[in-house]
2 protein chains.
Amino acid sequence: MLTLSTLTANDVDNVNIKGVPISPVKKTDAYHHGNLRAALIDSALAVIIEKGAEAVTIREVAARTGVSHAAPYRHFPDKNALMAAVAKEGFDLMVARMRRRMAAFPDDPLQRLKFCGIGYIEFALDHPAHYRVMFGPGQDPLRASEALKLSSAASFQTLFDAITACQAKGVVHGGDPMAMALSCWAMVHGFSMLVIDGLVQTRAFHSALPAMMDGLVDSLYFGFRPDREPL
Amino acid sequence: MLTLSTLTANDVDNVNIKGVPISPVKKTDAYHHGNLRAALIDSALAVIIEKGAEAVTIREVAARTGVSHAAPYRHFPDKNALMAAVAKEGFDLMVARMRRRMAAFPDDPLQRLKFCGIGYIEFALDHPAHYRVMFGPGQDPLRASEALKLSSAASFQTLFDAITACQAKGVVHGGDPMAMALSCWAMVHGFSMLVIDGLVQTRAFHSALPAMMDGLVDSLYFGFRPDREPL
DNA sequence: ACCTGAACACCGTTCAAGT
DNA sequence: ACCTGAACACCGTTCAAGT
């Protein structure tokens with residue numbers, strides 16, 4: 001599985017100004033050459049998928065990566081910093097997913113808003129390990145790293161811009177866009193958490209999911225008032 | 001602080017068929033007479049409030065309650081069972097809060113639905129310790145105790161009944177009530193989690209909360225479509 | 001019946017020591 | 001520079017032993 005963590009920071013450290021690698025990585029001894037950080041993030045994700053986010057231990061992550069349990073402390077000040085790195089990667093992947101879904105409707109702001117939400121939920125359900133770390137306990141947004149703050153702010157900005165674009169075209173009402181963004185976020189976040197935590201179950205669950213997501217997003221557009229009409 | 005846990009199971013064990021206490025509890029030695037279970041739940045809540053749900057340890061809960069770290073295992077098979085007892089108490093308190101808010105509008109089903117949601121959010125924000133345990137990691141709804149399943153089902157039923165009552169009076173549209181209940185639940189759950197986790201912040205936060213809750217619930221009634229009109 | 005104290009197999013984190 | 005191994009202060013859980 002290729003994730004963002006395979007492509008970030010440490011690879012850049014091995015490239016000089018002219019783009020020529022300084023010390024080519026031997027695959028048999030790769031962790032001594034700078035990609036241990038990325039490997040630790042991938043191992044953490046593997047543990048989360050197998051046993052849940054709260055079961056992650058530095059010692060097991062280190063063992064899976066083939067280093068001693070003290071080695072991760074060369075790359076992360078503590079366990080929380082490792083989890084924050086997972087969360088940052090998650091926000092970047094989520095924004096990419098939302099933008100990809102929105103790109104299918106370059107000229108229809110209402111569809112772009114809808115698929116901003118669809119993309120959000122799809123990411124959460126496709127990457128529950130990332131999502132749990134992004135919004136689970138142990139993430140204190142007040143003292144998060146700047147990198148994490150930037151990535152999470154970008155995801156909110158994507159939603160906010162989709163709403164104001166709709167207002168500019170008059171396809172949604174002219175209320176406070178911040179309040180509307182909060183309603184959208186609460187809806188997709190709540191739904192994602194309920195599904196991930198197993199509180200929403202139906203028979204033929206996976207085949208029913210697209211219709212559930214559609215109904216959810218539409219209910220926010222049409223509302224519950226009785227004069228509802230189809231598009 | 002008086003909580004439900006002070007009133008349940010073990011007190012009943014000390015009362016015989018005719019309602020006469022068999023062994024009056026000495027206050028100086030109370031834990032040897034049946035209320036250790038309730039005391040442990042209250043201690044767990046205190047730890048959650050002080051240090052967060054993931055910081056709860058059996059050893060600290062036991063120490064706060066004045067017993068050895070092995071004593072809790074007389075009343076709970078493991079740590080998870082203690083947390084499940086906290087969650088069950090939470091669902092009971094939440095249903096009580098929702099019903100109390102709804103009772104102010106005995107003849108207005110739309111207001112009852114609205115204040116079902118308001119009561120839900122109020123409970124979550126007033127009892128974040130309970131709420132985190134109810135919906136946090138480590139609660140596997142598939143293998144929860146029957147008591148916990150009953151209490152959580154009762155809270156969902158309260159919402160579902162509020163919706164069908166509105167449909168019977170024609171004050172909301174006639175869509176699938178289960179899908180509508182899911183939209184409501186996702187909205188209030190997502191909002192509660194975002195506020196509890198500190199992802200929603202404004203200056204003058206507490207004074208702004210009632211308006212935010214109102215806007216959130218109203219947005220689900222009116223929807224985002226541009227022909228919105230005030231009530 | 002209910003609780004204690006020691007024990008076991010784990011944690012996160014630190015740090016002197018190796019290469 | 002980067003990693004190791006031992007050490008420390010913690011966990012959850014078990015169990016023989018006490019009252």
Side-chain angles (χ1 to χ4, degrees), chain A residues 9-14 16 21-26 28-40 43-44 47-48 50-86 133 137-138, chain B residues 9-14 16 21-26 28-40 43-44 47-48 50-86 133 137-138:
Chain A
N10 292 286
D11 292 322
V12 177
D13 294 341
N14 287 336
N16 72 9
I22 294 170
S23 56
V25 174
K26 289 186 217 164
T28 55
D29 197 25
Y31 299 150
H32 294 263
H33 293 268
N35 59 348
L36 175 55
R37 187 190 145 93
L40 289 168
S43 294
V47 175
I48 297 168
E50 276 179 40
K51 313 202 233 168
E54 69 283 4
V56 174
T57 70
I58 288 274
R59 295 172 105 101
E60 176 162 358
V61 168
R64 267 176 206 249
T65 316
V67 294
S68 80
H69 60 263
Y73 290 89
R74 290 290 126 199
H75 298 272
F76 301 99
D78 54 24
K79 181 183 172 182
N80 217 22
L82 169 60
M83 299 307 259
V86 173
V133 176
Chain B
N10 292 285
D11 293 320
V12 177
D13 295 340
N14 287 335
N16 71 8
I22 295 170
S23 55
V25 174
K26 289 186 215 161
T28 56
D29 197 26
Y31 299 150
H32 293 263
H33 293 268
N35 60 348
L36 176 55
R37 188 191 144 94
L40 289 168
S43 294
V47 176
I48 297 168
E50 277 180 39
K51 312 203 234 167
E54 68 283 6
V56 174
T57 70
I58 287 274
R59 295 171 104 103
E60 176 163 359
V61 168
R64 267 174 206 249
T65 315
V67 294
S68 80
H69 59 263
Y73 289 89
R74 291 288 126 201
H75 298 274
F76 300 100
D78 54 23
K79 182 182 172 183
N80 218 21
L82 169 61
M83 299 306 259
V86 173
V133 177

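Note that the structure is predicted; figures quoted are calculated from it, not measured. Just so it is clear: chains get the letters A, B, ... in the order the sequence lines come, proteins before strands, and each one is counted from 1.
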Inset, instruction - Tell me the partner of D/dA9, counting only Watson-Crick (N1-N3 plus N6-O4 or O6-N4) or G-U wobble (N1-O2 and O6-N3) with both under 3.5 Å; none if nothing fits. - result: none

Inset, instruction - Decide yes or no for B/Leu36 and B/Arg74: does some side-chain heavy atom of the first lie under 4.5 Å from some side-chain heavy atom of the second? - result: no

Inset, instruction - Just compare D/dT13, C/dT13, D/dC15 and give me whichever is closest to any side-chain atom of B/Ala70. - result: D/dC15

Inset, instruction - Select one nucleotide: of D/dG5, C/dT13, C/dG5, the one nearest the side-chain heavy atoms of A/Tyr73. - result: C/dT13

Legend entry - Closest-nucleotide ordering on DNA chain C, the 5'-leading residue of A/Thr57 and A/Arg74: A/Thr57

Inset, instruction - Go through C/dC11, D/dC3, C/dT14 for me and flag the one nearest to the A/Arg59 side chain. - result: C/dC11

Inset, instruction - Both distances under 3.5 Å, Watson-Crick or G-U wobble: report the partner of D/dT4, or none. - result: C/dA16

Inset, instruction - May I ask you to test the A/Phe76-A/Met83 pair for a side-chain heavy-atom distance under 4.5 Å? - result: no

Legend entry - Atom-to-atom span, NZ of A/Lys79 to C1' of C/dT14 - whole angstrom: 17 Å

Legend entry - Whole angstrom value for the distance that separates P of D/dG12 from NE2 of B/His69: 10 Å

Inset, instruction - Looking only at side-chain atoms of B/Asp78, point me to the closest of D/dC3, D/dT13, D/dA6. - result: D/dT13

Inset, instruction - Please report, rounded to the nearest Å, how far the C1' atom of D/dG12 is from the CZ atom of B/Phe76. - result: 15 Å

Legend entry - Phosphate-side-chain proximity, A/His75 and D/dC2, N/O vs OP1/OP2 below 4.0 Å: no

Inset, instruction - Please determine, for the side chain of B/Leu36, which listed nucleotide (D/dT4, D/dG12, C/dC3) has the closest atom? - result: C/dC3

Legend entry - Passing candidate, side-chain contact (heavy atoms from CB on, under 4.5 Å) with A/Val56, options A/Val86, A/Val61, A/Val133: A/Val61

Legend entry - Atom pair distance, as rounded to whole Å: CD1 in A/Ile58 and P in D/dT4: 14 Å

